[in-house]
Amino acid sequence: MRKHLAIELDGRFPDARYASVATYDAHRSSFTGPDGTPSALTDHQLLPDRGSGNPYPQPVRPGGKFTVTVTDTPAGRPNILPLTPAGTPEGAEGTAVYRIYLPHGTFRLPKVTVVQGGHRVRVGTRADALSSAAPAVGAPSGTTSSAGEGTPPPPAFSRSGGAGLYPNPGNAYPSTGFDAPPAGQVLVVRGKAPTATAGDHARPWPAGSAQVRYWSMCDNLWWGPGEVVANPLPGAGVDPGCRADFDTRLSPAGTYTYAVGTEEQRAAVERVPGVTFLPLSSAAPTARHLLILRNMVAAPGFAEAIQRVPVGSGAAHTAEVMGAYYPKAGYCGLDVLAGSGPEACLGS
């Protein structure tokens, strides 16, 4: 590993719901530096350059400047991220990822400068840096199902990490693998939704009664990197396998209900009050899939946040910590869902 190397990232605070900068080791995992410095900085943790302001801890206009330094000698300074850990084979690559969720309008990518031996070299920037991918999970638990003979057992969510998949340390995820619903059925998922910051503007954090900065439910393919479902629609456009907080229907009590099914079932699902459709892959509708619930940056007082569940916890402990916020899932006939509502599938 090359010593006394620094990489400067000169950026501007975006007008967006969330932003962060993170580094990853050669195995695409988060890590800590030799002095315990974490390999990620969330927007509200960044110090602005002199004469600029950061809109995430205080109400100032976006656009102020910040400088993050990636170095092998972090020494506990502000706006510092560690380089790939010592012991990494020569030539192995680390990665820096700049994330933005829900930007308002356009934004600028940070300028990148490599500093070594008194020399400064400006380098190009990749605009397609990978965002957090699906964590690997074990087989779903469950023993029986009331959806009908031949129906797979109901999946159960547990908390796994995202090692090896560029995880966003600001996120936490309970996830579950599941078999595609039999013909005429959908997978129904219900839970209490956390309150989230609204809109696509930069706002100070913590923010009032908001429990998280952002949350979403995503359906992914099980194999490979667990890529998010993306179904082409007739004519043009794509139906992504994710539904964020702002496009999820909620009951008056703040409960979400997703029905995971085929695009052909979408119209019937969307006619059910309070139910949000989530698509199976059109290319592989009978394949095994992976559901991931994302909570981003939990407020300090949110005791039931996914972040409070230890990584590696099974379904029982995950449900115990999350309480009403734990997502319960089960297979259900689409006719039952449409005729009697989600209560007939999972209870109240």
Side-chain angles (χ1 to χ4, degrees), residues 132-148 150-165 167-169 171-182 185-194 211-212 215-223 226 228-229 241-243 245 248 253-261 275-276 278 280 287-296 298 302-332 337 342-348:
S132 178
V137 297
S141 60
T143 56
T144 61
S145 172
S146 60
T151 299
F157 285 77
S158 58
R159 186 181 179 193
S160 298
L165 292 168
N168 181 352
N171 287 338
Y173 322 82
S175 53
T176 184
F178 70 98
D179 295 323
Q185 297 186 28
V186 292
L187 179 68
V188 177
V189 185
R190 298 190 82 194
K192 185 175 181 180
Q211 295 168 314
V212 296
W215 66 270
S216 65
M217 183 76 78
C218 291
D219 185 25
N220 304 256
L221 291 171
W222 175 264
W223 62 79
V228 177
V229 167
C242 283
R243 299 292 187 264
D245 48 44
T248 296
T255 298
Y256 62 79
T257 301
Y258 293 102
V260 187
V275 176
T276 302
L278 200 59
L280 293 166
R288 189 166 175 78
H289 285 64
L290 175 69
L291 273 181
I292 301 172
L293 175 62
R294 173 184 287 104
N295 274 194
M296 179 180 288
F302 185 20
E304 297 88 353
I306 304 167
Q307 284 84 346
R308 312 294 179 241
V309 181
V311 173
S313 295
H317 188 59
T318 303
E320 179 183 1
V321 175
M322 294 184 66
Y325 297 90
Y326 180 76
K328 296 180 180 179
Y331 295 93
C332 186
L337 177 67
E343 293 78 9
C345 299
L346 293 176
S348 56

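Keep in mind that this is a model prediction, so the values were computed, not measured.
We find the OG-CG distance between Ser175 and Leu293 to be 9.5 Å, quoted to the nearest 0.5 Å. The distance from atom CG of Leu280 to atom NE2 of His289, rounded to the nearest 0.5 Å, is 4.5 Å. Residue Met217 holds its CE atom at 8.5 Å from OG1 of Thr248, rounded to the nearest 0.5 Å. Considering OG1 of Thr255 and NZ of Lys192, their distance stands at 7.5 Å, rounded to 0.5 Å. Distance check: Cys345 SG to Gln185 CD gives 9.5 Å after rounding to the nearest 0.5 Å. Summarising the geometry, atom SG belonging to Cys242 is positioned 8.0 Å from atom CD1 belonging to Ile292; distances are rounded to the nearest 0.5 Å.
Remark: aromatic rings of Tyr325 and Phe302 are close, center separation under 6.0 Å. For an aromatic pair to be called close, the ring centres must be under 6.0 Å apart, and Tyr256 with Trp215 satisfies this.
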Query raised in the report: Between Val186 and Val260, does a side chain to side chain contact (heavy atoms under 4.5 Å, CB included) hold up when you go through it step by step?
Result: CA-CA 5 Å; Val186 292; Val260 187; 5.9 Å; no
Report task. Report the C-alpha distance between Leu346 and Thr257 in whole Å, list the side-chain angles of each, state the deciding distance to 0.1 Å, and finish with yes or no for side chain to side chain contact (heavy atoms under 4.5 Å, CB included). Result -> CA-CA 10 Å; Leu346 293 176; Thr257 301; over 6 Å; no
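The backbone N or O of Leu290 lies less than 3.5 Å from a partner atom in the side chain of Asn220, making a donor-acceptor pair. Judged by distance alone, the side chain of Ser313 and the main-chain N or O of Val309 form no donor-acceptor pair under 3.5 Å.
Between Phe178 and Trp222 there is no side-chain heavy-atom pair separated by less than 4.5 Å. Between Cys218 and Arg294 the shortest side-chain heavy-atom distance falls below 4.5 Å. Residues Glu343 and Arg190 meet the side-chain proximity criterion, which asks for heavy atoms closer than 4.5 Å. The shortest distance between side-chain heavy atoms of Val275 and Val188 does not fall below 4.5 Å. Contact of the Arg243 side chain with the Thr276 side chain is registered, since non-hydrogen atoms from C-beta on lie closer than 4.5 Å. Between His317 and Ser158 the shortest side-chain heavy-atom distance does not fall below 4.5 Å. Taking 4.5 Å as the limit, some side-chain heavy atom of Phe157 sits within range of a side-chain heavy atom of Val189.
Smallest separation of non-hydrogen atoms from Gly241 and Leu278: O-CD1, 3.5 Å. Taking all atoms of both residues into account, the shortest heavy-atom contact from Ile306 to Arg159 is O-NH1, 3.5 Å. Of all non-hydrogen atoms in Gly330 and Pro154, the two that sit nearest each other are CA-CB, 4.1 Å. Shown here for Pro155 and Thr176, the closest heavy-atom pair between the two residues is CB-OG1, 3.3 Å. Counting all heavy atoms, side chain and backbone alike, Asn295 lies closest to Ala305 at OD1-CA, 4.4 Å. For the residue pair Ala259 and Leu337, the shortest heavy atom distance occurs at CB-CD2, 3.9 Å.
No side-chain N or O of Tyr326 forms a donor-acceptor pair with one of Glu304 less than 3.5 Å apart.
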